[in-house]
Amino acid sequence: MRFLPALTRAAALGAVTILAATALTACGNDDSSDANPYGLAQSGVLRAGTLTDAPPNVYLEDGKFTGFDNDLLTAVAGKLSLKVEFVGTDFSALLSQVNNRKFDVGSSSITITEARKKTVDFGNGYDFGYFGLDVPAGSPITGFDQLAGKRVVVVQGTVQDDYATGKQLNPVRVPDYNGAINQLKAGTADAWIAPAEIGEKSAADSKGKITVAAKQLSPAPTAYAVAKGNDKLREALNKALDEVIADGTWNRLQAQYYPGRPIPADFAPGSGAVKVAPSASASAAS
């Protein structure tokens, strides 16, 4: 009979231990879910795949990722109390890297297309863009209708690649923008179909070796890409984007990176449900 109290105490202690472990496990799951509601690779950190060589949209300057798209994403993430960690990659790999969750989001002036929707989900459009036609200085090419039979370079996987392929131009594909610029400078390409803003900046930085021959409006807006099915992150980014549109950040960054660029009358960033607020600098000047 003397063994019974000891056994009873042991059983009681065992029950308490099991209950405590169960409670800790439950609390741990709840805390994890609450701390990481968007399914990020690291709680509190938005890991963004981007490019290093495409100013003024996305680029690396003095060791810092910047440009319109990246600065806007930083502001959007701030509304969600998230820190952004930018990582450089090639555009041709970016969408698959987003969908396999190497990155939480893709930031690279990604034009929304039906084909790309098969790989990733897109947030609301935050910018519009133009196709630019860059050529070596002195080139007789003045328009997109003069590219047949020419050696046309594009960055692989871009909508400019799609455009050139659709026009049966048999383009030369390179992995990054520096590759396209170098081909023009070396005279090994007759033309480069580029995002117009990037093409204009590249021409301005070429010391007269490259000129912009023409540009035309791109058919679709650009947006941030997230993994298929990550609706919580996509919806949160959409909501935060509307907030930075409403508080003037979007307009301020437009003026900073694309000074003088007119906004098409039929373009509304974000959900379209919020009014585009003037930037603080624009308000001060008016």
Side-chain angles (χ1 to χ4, degrees), residues 46 48-59 65-79 84 86 91 94-95 98 103 105-114 116-117 120-132 155 157-163 177 193-202 212 215-226 233-234 236-279 281-282:
L46 187 68
T50 187
L51 307 187
T52 62
D53 62 347
N57 301 36
V58 287
Y59 60 102
F65 285 96
T66 186
F68 175 80
D69 302 66
N70 288 343
D71 285 5
L72 182 67
L73 182 60
T74 298
V76 167
K79 298 291 186 181
V84 183
F86 290 106
F91 188 84
L94 178 57
L95 297 187
V98 169
F103 304 124
V105 64
S107 171
S108 184
S109 291
I110 308 168
T111 302
I112 300 171
T113 69
E114 292 304 314
R116 289 173 178 174
K117 287 180 182 179
V120 294
D121 287 340
F122 287 101
N124 290 331
Y126 61 79
D127 200 16
F128 58 96
Y130 292 83
F131 287 175
V155 174
T158 62
V159 288
Q160 293 80 32
D161 184 352
D162 295 342
Y163 173 87
Y177 292 102
I193 303 176
E197 295 80 13
I198 296 170
E200 288 170 352
K201 181 70 166 57
S202 300
V212 179
K215 69 178 185 177
Q216 64 185 38
L217 189 64
S218 179
T222 60
Y224 297 117
V226 301
L233 178 58
R234 178 180 55 80
L237 292 175
N238 283 343
K239 181 176 182 294
L241 174 60
D242 275 358
E243 291 177 14
V244 299
I245 293 167
D247 71 13
T249 301
W250 184 86
N251 220 349
R252 174 180 62 79
L253 292 173
Q254 283 280 323
Q256 175 183 342
Y257 286 103
Y258 313 124
R261 183 182 72 162
I263 298 174
D266 60 351
F267 176 74
S271 68
V274 295
K275 183 178 179 181
V276 177
S279 65
S281 58

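- Residues Phe122 and Ile110 have side chains in contact (heavy-atom distance under 4.5 Å, counting atoms from C-beta outward).
- Contact annotation: the side chain of Asp53 never approaches that of Phe91 to less than 4.5 Å [non-hydrogen atoms, C-beta and beyond].
- Ion pairing between a basic and an acidic side chain is recognised when a charged N comes within 4.0 Å of a carboxylate O; Glu197 and Lys201 show no such pairing.
- Contact annotation: the side chain of Leu73 approaches that of Phe86 to within less than 4.5 Å [non-hydrogen atoms, C-beta and beyond].
- The two atoms that bring Val105 and Val98 nearest to each other are C-CG2, 3.8 Å, heavy atoms only.
- Judged by distance alone, with hydrogens and angles left aside, the side-chain atoms of Arg116 form a donor-acceptor pair with the main-chain N or O of Thr111 at under 3.5 Å.
- Counting heavy atoms from C-beta on, the side chains of Thr158 and Phe131 never come closer than 4.5 Å.
- Leu241 and Leu72 make their closest contact through CD1-CD2, 4.2 Å (heavy atoms, listed as atom of the first residue, atom of the second, distance).
- In this structure, the side chains of Gln254 and Asp127 come closer than 4.5 Å at one or more pairs of heavy atoms.
- Residues Thr66 and Asp71 bring a donor and an acceptor atom of their side chains to less than 3.5 Å of each other.
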Chi angles and distances behind the side chain to side chain contact (heavy atoms under 4.5 Å, CB included) call for Ile112, Lys117:
CA-CA 7 Å; Ile112 300 171; Lys117 287 180 182 179; 3.5 Å; yes
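- Looking only at side-chain heavy atoms (C-beta outward), Trp250 and Phe68 come within less than 4.5 Å of each other.
- When all heavy atoms of Leu95 and Ala225 are compared, the closest pair comes out as CD2-CB, 4.1 Å.
- Contact record, Gly123 with Ala223: O-CB, 3.4 Å, taken as the closest heavy-atom pair.
- Looking at heavy atoms from C-beta onward, Val58 lies out of side-chain contact with Tyr177 at the 4.5 angstrom threshold.
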Pairs under 3.5 angstrom only: tabulate donor-acceptor contacts from the side chains of residues 262-277 to other protein residues two or more places apart or in another chain.
unit_1	atom_1	unit_2	atom_2	d
Ser271	OG	Asp242	OD1	3.3
Ser271	OG	Asp242	OD2	2.6
Ser271	OG	Ala273	N	3.1

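- Of all the heavy atoms in Gly106 and Leu94, the pair that sits closest is CA-CD1, 4.2 Å.
- A donor-acceptor pair under 3.5 Å links the side-chain atoms of Asp69 to the main chain of Ser109, judged by distance alone.
- Within the 4.5 Å cutoff, no side-chain heavy atoms of Thr50 are placed close to those of Phe103.
- The two residues Ser107 and Asn70 make their nearest non-hydrogen contact at OG-OD1, 2.7 Å.
- Heavy-atom neighbours of Lys79 NZ from other residues, nucleotides or ligands within 6.0 Å: above the threshold of 12.
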Set out, in order, the CA-CA distance, both residues' side-chain angles and the distance that settles side chain to side chain contact (heavy atoms under 4.5 Å, CB included) for Asn57 and Tyr258, then state yes or no.
CA-CA 9 Å; Asn57 301 36; Tyr258 313 124; 3.5 Å; yes
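- When each of Asn251, Val76, Thr74 is checked for a side chain to side chain contact (heavy atoms under 4.5 Å, CB included) with Val244, only Val76 meets the rule.
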